[in-house]
Amino acid sequence: MGPFDLIAAIPLLPLTAFLVILFAGHFTPSALPKCGAIPGILALSGSFIISLSLLPLVYSGNFFNNSIYLWATWSISDLHFGFLIDPLSALMLVVVSLIALLVFIHSLGYMNDQNEQGLFRYYAGLSLFSFSMLSFVISDNLLMSFIFFELVGFCSWVLIGFWFREDAPPKAATKAFLVTRFGDYFFLIGVVAVLVIFGTANFAGPNSFPVLAKSAILSGQTLNGLDPQTWVTIIGLLILGGVIGKSAQFPLHTWLPDAMEGPTPVSALIHAATMVAAGVYLVARIYGFYALSPTTLAIIALVGGFTALLAATMATVKHELKQVLAYSTISQYGYIMLALGAGGYVAGIFHLTTHAIFKALLFLGAGAVIIAMHHDGDMWNMGGLREKLPVTYWCFIFGSLALAGIFPFAGFWSKDEVLLETLNYGLGGSPILLIGYAFGLIAVFVTGFYTFRMIHLTFHGSPRSQAAREPHSLRWNIKLPLVVLGSLSLLAGAINMVPLGEILGIDLSYLHHWLDTAPSNLTAHHYHELTESFSGYHSAYFSSIISAILSLAVAVSGMAFAWKLYQSPNPTESGTVYSTRFNTIYRILMHNYYQDDYQLMIASLTRNKLATFANIFDQKYLDGLVNELSSKSLSLSNSIRRIQTGAVTNYALLLSIGLVLILFIFALLGGWL
Amino acid sequence: MVPISYYILLSAAIFSIGLFGVLTRRNALMFLISIELMLNAANLNFVAFSTLHGNLTGQVFSLFILALAAAEVAVGIGIILVLQRNFSGIDVTKAVTLRW
Amino acid sequence: MLIELVILSAFFSGLFILFSSDENSHKFSFYLSLIPLLGTLIMWINFDGSGNALLNGGKIAFETYVPWLSLGSYSLSWHVGVDGISMPLILLTSILTPLAILSAWTPINERKSQFYGLVLIIEAALFGVFVAFDFFVWFVFWEAVLIPMYFLIAIWGGTRRKYAAIKFFIYTNVASLVMFIGFMALIFGLGDSISSFNLIDISTALHSGQLDGLGFLDASTLKYVAFIALFIGFGVKVPIVPLHTWLPDAHVEAPTPASVILAGVLLKMGTYALLRFNFTLLADVAQKWASIIAIIAAVSVIYGAFLALAQTDLKRIVAYSSISSMGYVLLGLVAYTVYGLGGATFQMISHGLLSGLLFMSVGLIYNATHTRSIEDLSGLADKMPLTSVIFIAGAFGYMGLPLMSGFAAELFIFIGAFGANFPFAKLITAISMFGIVIVAGYLLLTIQRVFFGTFEVKGNPDLALPQIHDLMPLVVILLMIIALGIAPNIFFEMIQDAVEPMVSLLGGISDV
Amino acid sequence: MMETSISDLLVFLFFSGITLLSSAGVVLVKDVWHSALLLGVALLSIAVHYVLLSAEFIAAMQVLVYVGGVLILISFAIMLIRRKMDPKSMTSPSLNMGPHLLRGVGAIAFFLLFSSILIGASFVIPVGFQDGSSITKSIGYAMFGLPGASIHSENFLAAFEIIDIALVAALVAAVMLARRDSGGEN
Amino acid sequence: MSDLVLLLPQLCILSAALLVLIYNTIFRKSTKLTILTLIAVVGSFCSIASAIFLFISQSPTVTIFGDQLVVDGSSLFFSVIISSVTLLVSIASYNYIKPLQNQAEYYSLLLLAAAGMGLMASANSLVIAFVAMELASLPSYALVTYLKNNEGSTESGLKYFLIGALSSAIFVYGSSLIYGATGSLGFTAISESILNTPSLSGLLGIGILMVIGGLAFKTTSVPFHFWAPDAYEGAISPVSAFISSASKAAGFILAFRILIEAFPLDVVSSIGLDWALAIQILAVLTMTLGNFAAALQENVKRMLAYSSIGHAGYVLIGLAALSGSQDTLVIGASMMHLMIYGFMNTGAFLFIALAEHWNVGPTFKDYRGLGSKAPLVSIAMTVFLFSLAGLPTGGGFLTKYVLFMAAVGAGFWWLAAIGAINSALSLYFYTRLVKSLWVDPPISDLNISSKGIPVGIYVAILIAAVVTILSLPFFSPFADFAMAAANILIS
């Protein structure tokens, strides 16, 4: 009974739950009263407990990294499925299984109590998703991650399109899958390139591909036609394609807001905490590879920063509560990308964890509000819910403040660390990161603005609709997850309070140490050395206190500006000065910078113009050619048929002319004349 | 003894006249008669060449041709009678039901 | 002896059914079709072949060699056997036929015994194609497949069945004539270094450079001319883009079970023949023109996918998507690496299963709603949950969702093609990989428009929901697709072993 | 062996003139009856040519079979056919010229081609037969493939056997065709 | 006596013919037809048996009757073809001519024609060739005009006779010129005299071409083919089966023998006449005209007529590709094709005879739905049609592709290519008939059951079908026989 024997159980438990729910649901529905929630909850609590039990093991320094199942034979290292347990994946395991468990519980309230139909399909999809996500987290090679990367996308397609009888969810599901599929196309090329160029796709171990890449760059010999540096950049960018698709970064972010069509627990689990995190987790997982090429890091940072600002601005004008949260998710992941791009590996992971917690909290809170509001998510019909839903209100406040990055909450510590690292490395010799830092800082202001606007419109002021006056009562299964997550978003910051540590002079960066006790070339320190030597990132040791104070001030001023705009007792959308004076900007923001429209236009263009052109070309020319050939030969046969006129004299005439002709030809040839 | 080439030329002339008859006349009997002419031309050829080569193969063979020409005429007239009965006339260009 | 048993059992049961009465011919034909299935399974269990049959050192399993007749200096013989490449294809044929028969129970209700008889005869002919190693024996079976397929399309087909049937018949016949003349030029080019049509002797002769010119063609131009003739001949069957116009008509107008066999196995005849003739016998020519062929493959993939995108008839969509999948096979073949060739053969199997599944489910939808146009259908998932689940699973398998055979095959092909050493290999592979996005595009659009939204069918007929025997074949194929997706080594081990010698033949990069 | 004496030439020219004119007449005259008669004249003149070529037996046969047999047969046929058609007045033989003659260009082309080739051909001096040997006797021997013929010839025994079967066949065929069936069904 | 034993195949048929005549004159009994058919069947059967026995036991290559007749592998091979076609036709004719007049004459003429063709097969001199051709043609003219009060039959008989007479005149004139140039009529003698004393090459050339013209008539190759479509359509189907298979085969063996033995290519090309080129022109024209004209035919029998012209073109490929390197294979292939074509073509025409017997209309539309009414025979017809088209339902597949293979081997790949295009087009019109048999919905007024099953025609069709089908798997006896025959002919 080795310590790591139970790892396989983590993903397999949700898989068994999936199979149980699927078959029981189809054959003996009565066996599962809660339509499959119970097996799901049991499975995930099991996974959560095992993940927790792994933490001390990993902290004491023993890791697990070998292949479990041989998928296909290969020359050097076969294509296989394997597990890699190291501090990063252990941490992520805990976060994913915890949030998944809480979402399952929340679903009891959200789905069962509203007696939705087709719940077996829902819970089966949810458990399949958990299985794929957990397997993705602990996979030990790039191919296995790609496989579960796509499976996760499939589960999100199933779950977004849960209410397939209406019109909007299926369209949203298709759009989600297609946009991520477009990203995965680049990712697949990346995977194939890694397998072909380096011969292996392992993350860790002596012959893992980041190590091979590093030694190739150092030795300088050309690899498969190009020099290693360009290969690393190209492969990095290709994999980045998949990351941008999945984590909804700048060009491929349009699918996330539409994915809100799915049930809110789904949005909470998939489109806030786990699936969207898969992209950035992948970057963290092969950070040793990305650290080798400065251009890729710079691109990641810029994309991240720009997305953070862009999404935040779009969130300021949305009517739907879930839309605001969706855009805030996009912008927060922009921050994590900014951190990773700027060499802040630890900061990225820190913000990833804290964001998972408070975003899940906000989404579950939004779910609670939507139940209370009899399934109406429009903030302009809410207001004054503070007295009626006290528990939800306080948990929601904790989450929002963490999101805005206000002092004691987790968000403050992690977002500040991100900005600190960006500033640090920006000043320390790679000025491009400063642009990222500027984006990040402005985004803090805008985040503060839309967070306060969200709280104020939902909870403060007077109720603006009948449903807001008598909201639906909420049971324990809604409130318990909120309380758990609320407390966590308060305390989670403790794992890495760098500015406080600097003030008190004691080292509080536990997360940093946690990520340092990784296998040989996966430690945070090793990554720091790589970014320094290969990408020229030198830390300028900027004091964390100043940047903390700066970001706090910007956040508070953002909230104050929102308070000034919306503080009138019953604010109306048209009344705010915001919508009158900056009307054009308002319209642009409402239309999400027309991103959706131009992507839709491209899709319909290829579908209607290009495809129909190909079809017509195919029918008219290629098919036409064949038909033309047959009709020509038939008309020729018709004319040949006509030679046989029926009169014997004609036959005799043609016969003799034929004979004389042949005689004449041969007379000429033979030279008899 | 006139040089053989004259005879060959004569037989070629007769052959062509026979062929001319075949091509121009529409009457079945005329067709038959013209073919007789052509066969006779061949016979003349055979006899002429037989003297040229000095062996009798040509002459004996011409006897055979004579016999078979007669046989052919017999069958031909039989067919022409049947034609007369069906198409009431032996004009060859009338019998064109089978064409294309 | 096992191969002859399998072929003869299929053929004579076909004849028996053909002449038997109609009323329970569908049950008889299903049970009879299980015999060849049993035979092939036994063959698979004690399959002891190793290496590539046509290359030296290849040990052919179940080999039988019986002299048949002699034409002047050439002696023809019944030389059949199985190697790593043909074994999976035979299994695919013997599995698909009973399932096709089963799926024919509801739609085919007139002249039933003739239908089932012809299906079994096609199966026998297809076995022949995959086992024959003598050119003339192979050519007999190659042409014999056309006749039953013509009748299947012409008698039980859709509205334009006669046009489609005759077009299919003549198009493929012209192709095989072109191929025949090309191959004969090659045979006589070899002069007296071979005295039989045995493919193994021909390949050893060709590879030891015995080819001297024929008439005004010297050795190398003769090789090029023969390669082009063979490529066009088999290209029509594969189909490769410019020669594909018969496929949509034949597939759409054929009854569902016939189009399952047509898409499932008949297309593989073309790729199998390409593998055996163009890429084993004339390997050096294939290697020299690798980039051009790869470009043709990429065009097939992208152009086929765009064509499918423009279709509104369910069956045409599935038919056109076969063109792009076959484009992938060609890409795999031309890569000339272990993964490329192995992936191509694996893709033949996986595409056979996947297109079979999609055609059968389209058949079920047509039986129920009597319309195939996606504009007339919506919200089917509401009323036909099981069929929609199977179609969606099949569609995702087709798109290359991991843990299904489609993904495994395409991944192997991409790895193989990406690592190939002909110029622009990486660029062409990257471009043709874009196909998976377009395939995902039109399949998802179809699913969304046909299965989701409110239930409403034009002329709202009362749905004839499929019974168990309609759904059973689909479930079986789906399980096989998933099994192959999770454990491709079931076949891939065997294929790799057969493909390895081909690569080392030309000193290609053997590790990719 | 024999140089051509003037008298032979004159005789040849005279008779070939008759043959050519009569055969042209056969082809060009309008009424079939007249062409049949002219055919008789042509055949007789050809028989004379045979005599000139020292093939007397053949000439005799020619006269006997052709003029005697075939011509009579043809005239019977004309009589039979004429009976049905309205008996046109027996006018004097007139040539039927007209555009249809153009179709005869094939024959003329053949003749021109043949004659041009013939001029080019150089003939060897004819071997001819020694004037003592009886041609008819050796024809008889040759007919039955018996040795002992004074002039060499190929063995025609097999041909002889086959020809009689052929004549039997022609007989059966002609009888079948000519006989008037008793209302046979078509 | 030994010479006559060698001629046994021809003699059997001859004696049967004469026996039929004698029997007819003596007995006037009512059951006359069965006896007549019996004689014909027994005669042709024993001729096949004797030919095969002779080949197996002695495989002779000897010239008899003062080397006027030759009995070797190819003459026996072709007399097997001719006698088997006669066998099939005579079996089928039993039912066909039961209601008609002149039954005895029909059988005697049939057998006499067959005897003539048998003799053509073993002719070794132009004399025998001409006489045998006449013996074969005269009865065929009468047979085609058998239905004396049917317009179609008389018209086709007339055309057949007139063109036949014209061609035989041309043949005779040609042979006179050849006699003039070489001084002899025996094939071997001709080739020797051309070799050592070449003279009058112009006349000889014209003579050879005119002889080829005469043979072209017999083998329906362009431009001497005009009679064929009308004759085959007008005549009663068993007769057209007989003529299109047997007389064509006889024409070909005579052409082979004359062109290979009398005018061997290497000898003849010295005088500037490469007749292979002429045959190539004829082959291309015949194939193309035959297949293209057949594509849009409305009348089924006329379509089959044109298809038989097309097949003559294919066999001509064998002759045309002689100047290449694979002579035995090329000639062997065309011989094989003639053998299997004989069975397929006779079978197909006899099916038309069956349809005429059930007075099914002449066009494709009238044949609709025959498959369901008479399945067994329609399957046989489908086998014939697809085998004619070159699909592996019967031996026709092998022979056609071996022919193309031989042409490619001999270096004439373009001939094979033209053959391929034509055979692809032929698939179109053969499938049109198969389509109307099996695919098109049956027309209502097709009542076959009332007429009953004509046993003779059924038996003949089934024999032909069985032979065609079995000739695919068991092709080696045909192939060995043909290759041996070709070997003897070439060397």
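As a basis for the values below, the full set of heavy atoms in this structure was taken, side chains included, without hydrogen atoms, waters or symmetry mates. Here is the naming used below: chain letters follow the sequence lines, and residue numbers restart at 1 for every chain.
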Side chain to side chain contact (heavy atoms under 4.5 Å, CB included), that's the test. Do E/Tyr141 and D/Leu177 meet it? Break it down for me. CA-CA 10 Å; E/Tyr141 302 148; D/Leu177 288 172; over 6 Å; no
To the nearest 0.5 Å, what is the distance between CG (D/Asn155) and CD1 (E/Ile64)? 11.0 Å
Does CD1 belonging to E/Ile26 count more than 12 external heavy atoms closer than 6.0 Å? yes
Got a sec: does the CZ of D/Phe111 have more than 12 other heavy atoms crowding it under 6.0 Å? yes
Do D/Arg180 and E/Lys148 make a side-chain contact, defined as non-hydrogen atoms from C-beta onward lying under 4.5 Å apart? no
Considering heavy atoms only, which positions within residues 111-122 of chain E lie below 4.5 Å of chain D? E/Leu112, E/Leu119
Supply the atom-to-atom distance E/Leu14 CG to D/Ile165 CD1, rounded to the nearest 0.5 angstrom. 4.0 Å
Determine whether D/Met176 and E/Tyr106 satisfy the following criterion, side chain to side chain contact (heavy atoms under 4.5 Å, CB included), listing intermediate values before the conclusion. CA-CA 9 Å; D/Met176 186 196 86; E/Tyr106 173 82; 5.8 Å; no
Full working for side chain to side chain contact (heavy atoms under 4.5 Å, CB included) between D/Arg179 and E/Asn102: CA-CA 10 Å; D/Arg179 183 172 53 179; E/Asn102 309 330; 2.6 Å; yes
Which atoms form the tightest heavy-atom contact between E/Leu135 and D/Ala166, and what is the distance? CD1-CA, 3.5 Å
Kindly determine whether E/Leu177 and D/Phe114 satisfy side chain to side chain contact (heavy atoms under 4.5 Å, CB included), including the steps that lead there. CA-CA 11 Å; E/Leu177 293 178; D/Phe114 189 85; 3.6 Å; yes
Determine the minimum heavy-atom distance between D/Glu154 and E/Gly186, stating which atoms define it. OE2-N, 3.4 Å
In Å and rounded to the nearest 0.5 Å, what is the CD1 to CD1 distance from E/Ile206 to D/Ile117? 3.0 Å
Inter-residue atom distance D/Phe156.CZ - E/Leu185.CG, 0.5 Å rounding: 6.0 Å
How about E/Leu21 and D/Val168: do any of their side-chain heavy atoms sit closer than 4.5 Å? yes
Reported CZ-to-CD1 distance for the pair E/Phe130 and D/Ile162, which is rounded to 0.5 angstrom: 12.0 Å
Which atom of D/Ala169 lies closest to which atom of E/Leu109, heavy atoms considered: O-CD2, 3.9 Å
